[in-house]
Amino acid sequence: MTSGDDPYDLDFPPDDAFAEGIFSGFPDDDEVAPPRPAAPPPPVYADAREALHAVFGFPAFRGVQNLVVDRVLAGQSTLAVMPTGAGKSLTYQLPAVMMEGTCVVVSPLIALMHDQLRAATANGIRAATLTSVDTNRDETIARFAHGELDLLYVAPERASQQHFRDLLARGRISLFAIDEAHCVSEWGHDFRPDYRLLRPMMDAFPDVARLALTATADRHTRADILEQLGIPAEGLIVSGFDRPNLRYAIRPRDNPLRQIKQLMEEHPGPGIVYAPTRAQVEKLAGQLSTGHRRVLPYHAGLDPQVRAGNQAAFVASEDMVMVATVAFGMGIDKPDVRFVAHAACPKSIEAYYQETGRAGRDGDPAVAVMLWGAEDFVRARQRVAEVEEHRRAGERTRIDALAMLVETPHCRRAILLRHFGEDPPEKCGNCDNCLEAPGITDGTHVARKLLSAVYRTGQSFGFGYLEKVLTGVADERITQRGHDQLSVFGIVTADEAPLLRPLARALQARGALIATEHGGLALGGDSRAILKGEAEVPLVVVPKKERTSRRKASPGAAFNPVGDPLFDALRSLRRDMAREAGLPPYVIFHDSVLREMAGTRPANLAELGQIGGVGGRKLEAYGDRFLEVIRQF
């Protein structure tokens with residue numbers, strides 16, 4: 001099997017897209033850095049709240065941001081577990097502008113670094129990246145050496161090298177920030193060995209605090225991160241994993257093209273569709289491109305320039321859909337994604353949480369839809385044999401947890417949050433099962449018939465053959481093998497027959513049926529307990545989905561006013577300014593800022609500066625042009 005055929009291959013971009021800084025050629029110790037014109041001193045802030053409003057335009061911290069910032073400013077090492085969209089980057093960017101020296105940010109992908117670089121620079125933060133694709137390496141090194149950087153973004157592959165440590169020794173470090181810190185843990189769903197090499201680098205600077213950040217870490221992973229990065233247990237801050245603005249929906253995959261087209265019709269705005277293989281990405285992108293919205297593919301097999309161009313188009317868009325393998329989105333902090341769809345099961349609940357978390361980062365409503373089939377779990381269980389033996393039990397546990405999520409008749413959000421150690425309410429009111437409770441029927445009796453047929457036919461035939469045996473269809477293959485004489489032949493009634501396929505899917509999800517090498521079905525898991533009457537098989541009956549109007553079905557659409565000429569004009573101005581500056585529109589201002597402008601109609605810069613998200617730098621750079629548009633209405 002090639003990586004392009006692997007539904008769980010992360011399909012990371014090749015080296016040109018990975019964060020690979022080039023740190024050779026640093027000046028020798030006896031060389032003197034060239035003189036530079038004196039840079040203006042950075043602002044000095046009395047406290048964190050003053051800096052928060054001046055730099056970011058926010059009147060108050062959100063969630064546990066203040067707890068994390070307080071620890072960082074006190075020089076205490078911290079692991080912050082915060083959901084996507086909770087403002088993790090602010091917890092090191094804000095201290096970076098308040099503390100002397102440079103905050104070194106270790107981040108896994110070039111795209112992620114450059115996206116955060118644009119946003120930080122737009123807020124007036126002195127930031128730079130040091131990667132293989134940056135052409136201003138010498139300038140960045142000089143700025144660091146002269147104390148002219150608040151933030152320096154680097155990759156784990158190079159951050160741990162001796163050349164980089166030598167560079168750090170020539171400047172002043174205020175903080176080490178480790179983004180996507182779950183990558184350091186073998187318990188995590190995204191383990192990367194390079195992260196294990198960061199501890200010695202940080203230990204070389206014992207007086208510098210370290211801040212580890214992640215959105216996806218269960219109890220085992222959190223403990224491992226603390227140990228691997230040398231952070232004391234009292235430094236753990238967990239803000240919770242709930243994303244209340246995100247609506248979860250999980251459906252059997254019957255016609256994925258039709259299902260995704262309907263999703264696109266119901267939800268305007270940017271969206272991401274994840275497909276398991278490169279071939280499926282290309283096929284699905286082509287099929288979806290026939291509508292009125294732009295749809296592009298993204299995977300590692302594309303020409304690097306095409307891939308980069310497609311990503312740039314998506315980042316700058318306000319309604320484009322990207323069909324991609326699951327690595328896409330890791331390096332993009334695009335806040336206005338309105339939906340994320342999985343055309344197949346992700347590899348774990350952790351992966352699902354991270355990938356769906358790419359929707360609704362701006363806090364506006366968004367949806368996450370997963371389409372699943374029994375074959376997803378078949379292939380996942382087959383892959384367990386390919387990992388190291390000591391990791392197999394953990395992989396099986398992850399698959400079982402994901403099966404519970406897709407098959408539950410209860411609240412999806414509650415299962416997600418319990419997986420991460422929380423104690424949520426029984427119902428959230430914003431997932432498919434809470435909004436429209438599915439029916440539950442006892443499928444145990446029919447399941448025993450199906451399992452018995454699997455056993456009596458030799459555990460080597462696929463579902464279609466078994467269905468014929470059970471419903472009494474005596475075709476040539478069945479009569480030749482004598483299976484029309486079995487006790488299970490024709491024992492499923494006409495009323496029971498519609499339950500066979502969903503039961504086969506459910507039994508494969510829980511592992512009671514497993515696929516053979518040649519595509520047949522065999523007994524596995526708790527099948528013996530089911531046959532002996534010691535285990536039940538509740539079956540979820542998915543309610544039929546009625547086609548709804550686009551406006552009614554799209555929770556995000558209602559937040560942006562429809563037919564408001566001022567809001568539309570502000571959006572148009574933002575689009576023009578973004579194009580002029582070569583920036584994504586959301587870096588100028590988020591939709592929520594434009595909505596407040598249209599609603600309050602500020603008359604001057606002072607009033608405009610009171611709107612959340614309008615910091616001092618943006619007020620100075622963009623304020624007059626937005627006020628000019630507002631005055632026209």
Side-chain angles (χ1 to χ4, degrees), residues 8 63-64 80-86 88 180 182 185 187-190 213-222 225 237-252 272 274 326 329-330 337-361 363-372 376-377 380 394-438 506 509-510 538 540 542 555:
Y8 299 102
V64 299
V81 183
M82 302 167 64
T84 302
K88 290 189 294 294
E180 306 292 348
H182 58 273
S185 173
W187 283 96
H189 67 285
D190 226 0
L213 298 154
T214 181
T216 51
D218 59 16
R219 180 173 55 84
H220 289 295
T221 305
R222 295 196 291 265
I225 294 172
I237 295 178
V238 181
S239 71
F241 292 85
D242 193 12
R243 295 283 310 283
N245 65 311
L246 195 57
R247 177 180 299 176
Y248 297 103
I250 300 177
R251 302 163 187 160
I272 302 173
Y274 287 117
V326 295
M330 289 183 67
V337 174
R338 297 274 62 89
F339 72 84
V340 168
H342 283 83
C345 282
K347 67 175 184 176
S348 65
I349 283 186
E350 290 87 353
Y352 176 68
Y353 180 84
Q354 184 181 55
E355 290 152 20
T356 57
R358 292 161 191 165
R361 294 186 181 202
D364 285 355
V367 296
V369 175
M370 183 204 302
L371 306 178
W372 73 281
D376 299 338
F377 288 94
E395 291 301 314
R396 292 190 187 98
T397 299
R398 288 190 176 94
I399 295 169
D400 291 341
L402 189 62
M404 182 183 300
L405 176 67
V406 302
E407 275 291 286
T408 185
H410 307 298
C411 176
R412 311 275 190 195
R413 191 182 312 273
I415 288 183
L416 278 174
L417 298 182
R418 288 191 199 107
H419 180 82
F420 291 110
E422 297 194 12
D423 185 22
E426 288 298 317
K427 293 184 178 181
C428 72
N430 197 27
C431 73
D432 54 349
N433 286 350
C434 286
L435 291 168
E436 190 174 4
R510 69 191 275 173
V540 176
V542 180

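Positions are given from 1 along the sequence.
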For residues [X] and [Y], report the shortest heavy-atom separation together with the two atoms involved.
X	Y	answer
Phe241	Thr216	CE2-CA, 4.4 Å
Val337	Phe339	CG1-O, 3.4 Å
Pro424	Arg418	CD-CG, 3.6 Å
Lys88	Ala215	NZ-CB, 3.9 Å
Leu405	Ile415	CD1-CG2, 4.0 Å
Glu407	Ala509	CG-CB, 4.4 Å

Interatomic distance, [X] atom [atom1] to [Y] atom [atom2] [nearest 0.5 angstrom]:
X	Y	atom1	atom2	answer
Leu435	Cys428	CG	SG	7.0 Å
Phe420	Arg222	CZ	CZ	9.0 Å
Ile250	Arg412	CD1	CZ	4.0 Å
Lys347	Ile399	NZ	CD1	11.0 Å
Cys434	Glu426	SG	CD	9.5 Å
Asp400	Phe377	CG	CZ	9.0 Å

For the residue pair [X] and [Y], establish whether any side-chain heavy-atom pair is separated by less than 4.5 Å.
X	Y	value
Arg361	Thr84	yes
Pro346	Gln354	no
Cys345	Met370	yes

- Item | Charged N-O contact under 4.0 Å between Arg219 and Glu422 |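 Salt bridge: no.
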
Does [Y] offer a backbone N or O that forms a donor-acceptor pair with the side chain of [X] under 3.5 Å?
X	Y	answer
Asn433	Pro438	no
Arg413	Pro425	no
Arg247	Asp432	no
Arg338	Asp364	yes
Asp242	Leu417	no
Arg243	Ala359	yes

- Task: I would like to know whether His419 and Glu350 meet side-chain contact (heavy atoms from CB on, under 4.5 Å); could you show each step before the answer?
- Result: CA-CA 9 Å; His419 180 82; Glu350 290 87 353; 2.9 Å; yes

- Message: Is there a side-chain hydrogen bond (donor to acceptor under 3.5 Å, both in side chains) between Thr221 and Asp218? Walk through the geometry before answering.
- Response: CA-CA 5 Å; Thr221 305; Asp218 59 16; 2.8 Å; yes

- Quick one: which of Asp376, Val369, Thr356 gives a side-chain contact (heavy atoms from CB on, under 4.5 Å) with His342?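 Result: among Asp376, Val369, Thr356, Thr356 is the only option passing the side-chain contact (heavy atoms from CB on, under 4.5 Å) with His342.
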
- Message: Going by side-chain contact (heavy atoms from CB on, under 4.5 Å), Tyr352 matches just one of Val406, Val340, Leu416. Which one?
- Response: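 Going through the options one by one, the only one that passes is Leu416.
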
